[in-house]
Amino acid sequence: MKAVVQAVDATSFVTASEASYQAKKTATLLKTLNVNALIMGEVGVGKKSLAIFILPDAPILDASNFDELLTSIESCDEIIITNIDNSPNIKRLIDTINESSIRVIATSKSFFTNDFINDLFSVKFTIPPLIEREEDVALLVKSFVKEAALLFGFTKEFNMDNFHADLRENSKSLRKQVTMTYLMQDIGDSELMSIMENYLYDKMGSSSDYRNFLYLYEVPLIRAGLAKFKSQLQLSDKLGLNRNTLRKKISDNKQYLEE
């Protein structure tokens, strides 16, 4: 396998892994060709970034905004259509595109094909999820840490201890996780309690609020304790709880502890 240059371009699409390198290579070729292309993949894999890289000056519209999209197609030479699989009338959309002789780069959240799509897009390719692009994850974490430092106006080392990348929505969930982790590293008791107070203010009002919101305290305590002390036996000792009591709390909060 050839060496892959690690980089983050202006569109934030990383090319540290072989898979992302090949996707960027395809996008680079498409910049020079007057053809329509469909980029497929999960949320947060970089579809929109590559579309912008191919057509940097084109307007961007979601396919669900159908009327606005049709109007734009009739007045543009090129366009980026996101989530084309969400179009309420794919045939009419394709017919309008063909009648207008407009160049289209579109994205889809999943593998999407039918006769209309196949006729319109001469090039179709898929960007794999981040779980299959380990090198990209490491580079994105570094990029999001720099982004968080600029956002919050201070610089500090990012603590990677016990950091497990949240890739459920690829870069979307990873950016949120890194930003929150960076902010919370040095947060104090008063700031933490203020966050909890603001969160609970609009949610309280039933006669069972104490029981209903107890998990907000217990779940992070159990998670942190199990990560630090490695066993329920050690954790029950550190918390001063009977082992059966701790087991019950773990069972009661199972749905949150397994996330």
Side-chain angles (χ1 to χ4, degrees), residues 8-14 19-20 23-24 26-131 133 136 140 143-144 147 151 166-180 202:
V8 180
D9 63 31
T11 64
S12 300
F13 187 82
V14 299
S20 61
K24 179 67 177 295
T26 301
T28 301
L29 178 62
L30 286 169
K31 286 176 70 74
T32 67
L33 301 175
N34 187 26
V35 298
N36 298 325
L38 175 62
I39 308 172
M40 298 172 287
E42 297 177 1
V43 171
V45 296
K47 304 185 301 295
K48 186 176 178 181
S49 292
L50 277 192
I52 295 172
F53 174 75
I54 297 167
L55 297 180
D57 299 320
I60 305 169
L61 283 172
D62 192 281
S64 60
N65 299 324
F66 195 65
D67 292 337
E68 182 181 358
L69 177 57
L70 294 183
T71 300
S72 297
I73 289 173
E74 294 171 350
S75 60
C76 298
D77 295 324
E78 56 185 24
I79 194 169
I80 295 171
I81 303 176
T82 58
N83 303 314
I84 196 170
D85 46 331
N86 287 346
S87 174
N89 190 332
I90 191 68
K91 183 181 184 305
R92 185 180 174 194
L93 174 61
I94 300 302
D95 287 344
T96 303
I97 291 171
N98 287 328
E99 291 168 3
S100 302
S101 299
I102 186 175
R103 187 187 181 192
V104 177
I105 303 297
T107 71
S108 168
K109 291 192 291 294
S110 58
F111 183 75
F112 182 52
T113 183
N114 60 40
D115 291 340
F116 304 119
I117 289 293
N118 293 340
D119 291 341
L120 178 64
F121 296 108
S122 54
V123 176
K124 294 189 290 184
F125 64 99
T126 300
I127 304 176
L130 282 179
I131 197 170
R133 296 154 49 194
D136 292 344
L140 280 169
S143 176
F144 294 154
E147 186 180 276
L151 176 64
D166 180 357
L167 303 179
R168 287 174 294 180
E169 292 188 304
N170 297 288
S171 64
K172 184 178 179 180
S173 54
L174 183 62
R175 172 185 270 118
K176 181 178 180 180
Q177 179 192 25
V178 170
T179 302
M180 290 302 298
D202 292 328

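Any value given below was found using the heavy atoms of this structure, including those in side chains, with hydrogens, waters and symmetry copies removed. We're numbering straight along the sequence, starting at 1.
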Q.
Between S64 (side chain only) and N86 (backbone N and O only), is there a donor and an acceptor less than 3.5 Å apart?
A. no

(Q) Less than 4.5 Å apart, side chain to side chain, heavy atoms only: is that true for L167 and P129? (A) no

Q: Answer yes or no: is there a side-chain heavy-atom contact under 4.5 Å between K124 and N118?
A: yes

(Q) Looking at every heavy atom in both F144 and S171, which two are closest together, and how far apart are they? (A) CE1-O, 3.8 Å

Q | Under 3.5 Å: donor-acceptor pair, side chain of N36, backbone of V104 | A | yes

Q: Mark yes when over 12 heavy atoms from residues, nucleotides or ligands other than D77 sit less than 6.0 Å from its CG; otherwise mark no.
A: no

Q: Answer whether the closest heavy-atom distance between the side chains of K31 and P56 falls below 4.5 Å.
A: yes

Q.
A quick test of your reading: do over 12 heavy atoms of other residues, nucleotides or ligands sit less than 6.0 Å from CG of L29?
A. yes

**Q.** I105 CD1 to I84 CD1 distance, which is reported to the nearest 0.5 Å
**A.** 11.0 Å

(Q) Taking K176 first and then E169, would you say they form a salt bridge - that is, a charged N and a carboxylate O separated by under 4.0 Å? (A) no

Q | Derivation and outcome, side chain to side chain contact (heavy atoms under 4.5 Å, CB included), residues I94 and D119 | A | CA-CA 9 Å; I94 300 302; D119 291 341; over 6 Å; no

Q) Do you know the tightest heavy-atom contact between I79 and P59? A) CG1-O, 3.5 Å

Q | K47 side-chain N/O to A106 backbone N/O, donor-acceptor pair under 3.5 Å | A | no

**Q.** Exam field: side chain S108 to backbone D85, donor-acceptor pair closer than 3.5 Å
**A.** no

Q: Would you check if the side chain of R133 reaches a backbone N or O of P128 as a donor-acceptor pair within less than 3.5 Å?
A: yes

Q. With a distance cut-off below 6.0 Å to the six-membered ring centre and an angular limit of 45° from the axis, does K24 pair with F13 as a cation-pi contact?
A. no

Q) Among pairs that include at least one residue of residues 93-104, which meet side-chain hydrogen bond (donor to acceptor under 3.5 Å, both in side chains), considering only residues two or more places apart or in two chains? A) K91-D95

Q. Nearest heavy-atom pair of L55 and I80: which atoms, and what distance?
A. O-CD1, 3.7 Å

Q. Between N170 and L130, which heavy-atom pair has the shortest distance, and what is it?
A. OD1-N, 2.8 Å

Q. Is the shortest heavy-atom distance from the side chain of V123 to the side chain of L33 under 4.5 Å?
A. no

Q) Which atoms form the tightest heavy-atom contact between L30 and F125, and what is the distance? A) CD1-CE2, 3.8 Å

Q) Which heavy-atom pair separates L50 from I39 by the least distance, and what is that distance? A) CB-CD1, 4.1 Å

